[in-house]
Amino acid sequence: MYEKTFPNKRFQHTLAFLNKHHNPTETILDLGVENPFSAIMKKEGFSVINTLGEDLDENQTVFKVHKTTVVTAFEIFEHLLNPYCVLKEIQADKLFVSVPLRLWFSAAYRSKTDPWDRHYHEFEDWQLDWLLEKTGWKIIDRKKFTNPVKKIGIRPFLRRFTNRYYIVCAERIATP
């Protein structure tokens, strides 16, 4: 399987969660360009279509073009200014979402070299739950997990036992 090192530990948790709740015969629309995890999903036998890098805050036509029953959004919503609009537009029956959790001891991520790679939101679990409920989704299962790093210091120590990621499986209960 995949090693328990970053980001492979995160990938291992995500893949196990996906396998627990997904019928592999259904095609997945994966929000975000092709990435290391979408390559893992394909290698594991999942049928995956990735978005093409369009700004989902501005343009949600992808949900009308690709009518799949399953959508995945792994570490995507923190990069959007308005995930509410995206969640309302998703036409699928099932949704898998993972987000980084806000850590009290660390500021939100913002790349020093890439102006597009920043987190507008780092959620608390209840905030994502509420956002999903408000946009017509019912949470079926959820899981939190840590993200230890191999560094020395207070924050790396705290990351050993403080949950960093939150993953959710939800089903559509109301049409937008």
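- Phe63 approaches Lys67 most closely through the heavy-atom pair O-CG, 4.1 Å.
- In this structure, the side chains of Asp141 and Lys20 come closer than 4.5 Å at one or more pairs of heavy atoms.
- At least one side-chain heavy atom of Ile139 sits less than 4.5 Å from a side-chain heavy atom of Asp129.
- Phe17 and His13 have their aromatic ring centers separated by at least 6.0 angstrom.
- Note that CZ of Phe37 is 8.5 Å distant from CD of Glu44, once rounded to the nearest 0.5 Å.
- Counted by atom type alone, Asn82 and Asp57 present zero donor-acceptor pairs between their side chains at under 3.5 Å.
- Scanning both residues, Pro83 and Phe123, for their nearest heavy atoms gives CG-CZ, 4.4 Å.
- For the salt bridge (Lys or Arg N to Asp or Glu O under 4.0 Å) test, no residue two or more places apart in sequence or in another chain qualifies with Glu133.
- Checking side-chain atoms of Asn59 against main-chain N and O of Asp55 turns up no donor-acceptor pair under 3.5 Å.
- Note: Tyr165 OH to Lys9 NZ = 10.5 Å, rounded to the nearest 0.5 Å.
- You'll find the side chain of Val62 reaches within 4.5 Å of the side chain of Leu56, heavy atoms only.
- One finds the CD1 atom of Ile167 at 5.0 Å from the CZ atom of Phe74 (value rounded to the nearest 0.5 Å).
- With sequence neighbours left out, the ring pair (Phe, Tyr, Trp, His ring centres under 6.0 Å) criterion links His66 to no other residue.
- Met41 places a side-chain heavy atom less than 4.5 Å from the side chain of Leu18.
- The closest side-chain donor-acceptor pair between Thr72 and Asp30 falls under 3.5 angstrom.
- Thr51 and Gly32 make their closest contact through OG1-N, 2.6 Å (heavy atoms, listed as atom of the first residue, atom of the second, distance).
- Nearest heavy-atom pair across Arg172 and Thr135 is NH1-O, 2.6 Å.
- If you chain together hydrophobic residues whose side chains sit under 4.5 Å apart, Leu95 and Tyr84 fall into the same group.
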Legend entry - Intermediate values then yes/no, side chain to side chain contact (heavy atoms under 4.5 Å, CB included), Val86 and Leu80: CA-CA 9 Å; Val86 173; Leu80 299 176; 3.8 Å; yes

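- To the nearest 0.5 angstrom, Lys143 atom NZ is 10.0 Å from Asn163 atom CG.
- Side-chain atoms of Trp137 and Ile90, non-hydrogen and from C-beta on, do get closer than 4.5 Å to each other.
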Inset, instruction - Show your working on side chain to side chain contact (heavy atoms under 4.5 Å, CB included) between Ile49 and Ile28 and close with a plain yes or no. - result: CA-CA 6 Å; Ile49 301 167; Ile28 296 171; over 6 Å; no

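- Side-chain contact between Arg164 and Thr146 is absent, with no heavy-atom pair separated by less than 4.5 Å.
- Counting only N and O atoms by type, the side chains of Ser47 and Lys42 include no donor and acceptor under 3.5 Å apart.
- Looking at every heavy atom in both residues, Val33 comes nearest to Leu52 through CG1-C, 3.7 Å.
- Between Phe96 atom CZ and Cys169 atom SG the span is 4.0 Å, to the nearest 0.5 Å.
- In terms of modelled atom types and a separation under 3.5 Å, the side chain of Thr14 and the main chain of Arg10 share a donor-acceptor contact.
- Residues Val70 and Thr27 have side chains not in contact (no heavy-atom distance under 4.5 Å, counting atoms from C-beta outward).
- Glu89 places no side-chain N or O within 3.5 Å of a backbone atom of Leu87 that could act as its donor or acceptor partner.
- Close placement of the Phe46 and His22 rings is indicated, their centers lying within 6.0 Å of each other.
- His21 approaches Lys94 most closely through the heavy-atom pair O-NZ, 2.6 Å.
- For the pair Leu128 and Val97, the minimum side-chain heavy-atom distance is below 4.5 Å.
- In this structure Asp125 satisfies the salt bridge (Lys or Arg N to Asp or Glu O under 4.0 Å) test together with Lys144, sequence neighbours excluded.
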